[in-house]
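Heavy-atom basis, side chains included; hydrogens, waters and symmetry copies ignored.
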Amino acid sequence: MKNVEIYTDGACSGNPGKGGWGAVLVYGNKEKEISGAASDTTNNRMELTAVIEALKMLKEPCMVTVTTDSKYVCDAVNKKWVYSWREKGWKKADRKPALNVDLWEKLLALLEIHKVEFVWVRGHNGHPYNERCDSLAVNEYLAL
């Protein structure tokens with residue numbers, strides 16, 4: 001399996017509001033940047049979309065390290081909350097409906113293809129790839 005590093009970020013102007021996402025995929029000495037936007041969204045939806053769209057770029061099963069500043073994404077997967085939500089009919093521990101079910105279902109399907117490790121980094125703290133992804137995301141929603 002190929003080892004791929006993925007860096008992601010999502011951004012929103014207002015929450016909900018205009019949003020953007022950005023990702024950088026790194027394989028060996030090659031880098032690919034991708035990004036997109038939505039006119040009426042939330043920050044968490046953009047964070048999830050960045051991870052999903054980056055994983056969708058992979059043409060074969062890979063070992064992936066996803067580095068993101070989203071505690072929402074990292075904790076939901078690493079602490080297995082999302083699996084519990086799904087088992088309980090997309091209800092959280094407090095019995096309230098889980099949000100962004102459509103995106104979680106897409107991500108879970110991709111996690112069955114790839115071996116993915118999620119790593120959290122503090123946002124806006126000088127991490128070069130996190131800063132680049134943030135810039136991609138912001139530029140996307142500013143262009144709307």
Point to revise | Stepwise side chain to side chain contact (heavy atoms under 4.5 Å, CB included) check, L48 with V73 | key: CA-CA 7 Å; L48 275 166; V73 173; 4.0 Å; yes
Review point. Where do Y83 and L108 land on the side chain to side chain contact (heavy atoms under 4.5 Å, CB included) test, with the steps shown first?
Key: CA-CA 9 Å; Y83 300 100; L108 289 175; 3.5 Å; yes
Exercise for review: Could you give me the CA-CA distance, side-chain angles and deciding distance for D102 and R45, then say whether salt bridge (Lys or Arg N to Asp or Glu O under 4.0 Å) is met?
Suggested key: CA-CA 10 Å; D102 58 327; R45 287 190 68 79; 2.8 Å; yes
Review point. Can K32 and Y27 be said to form a side chain to side chain contact (heavy atoms under 4.5 Å, CB included), step by step?
Key: CA-CA 9 Å; K32 180 168 185 66; Y27 174 65; over 6 Å; no
Exercise for review: List the steps and the verdict of side-chain hydrogen bond (donor to acceptor under 3.5 Å, both in side chains) for Y72 and N100.
Suggested key: CA-CA 11 Å; Y72 175 66; N100 306 310; 2.9 Å; yes
Review point. Where do E33 and L136 land on the side chain to side chain contact (heavy atoms under 4.5 Å, CB included) test, with the steps shown first?
Key: CA-CA 8 Å; E33 295 181 351; L136 290 167; 3.7 Å; yes
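Counting only heavy atoms from C-beta outward, the side chains of V66 and V119 never approach each other to under 4.5 Å. Contact annotation: the side chain of D134 approaches that of H124 to within less than 4.5 Å [non-hydrogen atoms, C-beta and beyond]. For the pair P16/T41, no side-chain contact is recorded, criterion being any heavy-atom separation below 4.5 Å from C-beta on. Residues W104 and V77 have side chains in contact (heavy-atom distance under 4.5 Å, counting atoms from C-beta outward). E5 has its side chain out of reach of L25: every pair of non-hydrogen atoms, C-beta onward, lies at least 4.5 Å apart. Two residues are said to be in side-chain contact when any heavy atoms from C-beta on lie closer than 4.5 Å; L110 and K56 meet this criterion. Side-chain contact check for D69 versus Y7: every heavy-atom pair is 4.5 Å or farther apart. Side chains of L58 and H114 form a contact here, defined as non-hydrogen atoms less than 4.5 Å apart.
Taking OG1 from T8 and CG from N130, the interatomic distance works out to 8.0 Å, rounded to the nearest 0.5 Å. For the atom pair CG (N3) and OG1 (T65), the distance works out to 7.5 Å, reported to the nearest 0.5 Å. Here W21 contributes atom CH2 and I34 contributes atom CD1; the two are 4.0 Å apart, rounded to the nearest 0.5 Å. To the nearest 0.5 Å, atom CZ of residue R86 and atom NZ of residue K80 are 11.5 Å apart. Residue S70 holds its OG atom at 12.0 Å from CE of M46, rounded to the nearest 0.5 Å. Rounding to the nearest 0.5 angstrom, the gap separating the SG atom in C74 from the NZ atom in K71 is 7.5 Å.
There is no path of hydrophobic side-chain contacts, each under 4.5 Å, that joins L55 to V26. Put simply, M63 and I52 are part of two different groups of oily side chains (I, L, V, M, F, W, Y) that touch within less than 4.5 Å, one to the next. Under a hydrophobic-cluster definition in which Ile, Leu, Val, Met, Phe, Trp and Tyr are linked whenever side-chain heavy atoms come within less than 4.5 Å, directly or via other members, V101 and V82 are assigned to the same cluster. Cluster membership for V121 and I6, using ILVMFWY side-chain heavy atoms within less than 4.5 angstrom, is not shared. When the side chains of ILVMFWY residues are joined at heavy-atom separations under 4.5 Å, either directly or via intervening members, W120 and W81 end up in two distinct hydrophobic clusters.
Residues E47 and G10 approach most closely at OE1-N, 3.2 Å, considering heavy atoms. Closest approach of D9 and A137 over heavy atoms only: O-CB, 4.0 Å. The nearest pair of heavy atoms linking P61 to M1 is CB-CE, 3.6 Å. Taking both residues in full, the closest heavy atoms of K91 and R95 are given as CD-O, 3.4 Å, listed atom of the first, atom of the second, then distance. Taking each heavy atom of A50 and G22 in turn, the nearest pair found is CB-O, 3.7 Å.
The number of heavy-atom neighbours closer than 6.0 Å to NZ of K92, taken from other residues, nucleotides and ligands shown, is above 12.
Side-chain atoms of Y129 and E131 include no donor-acceptor pair closer than 3.5 Å.
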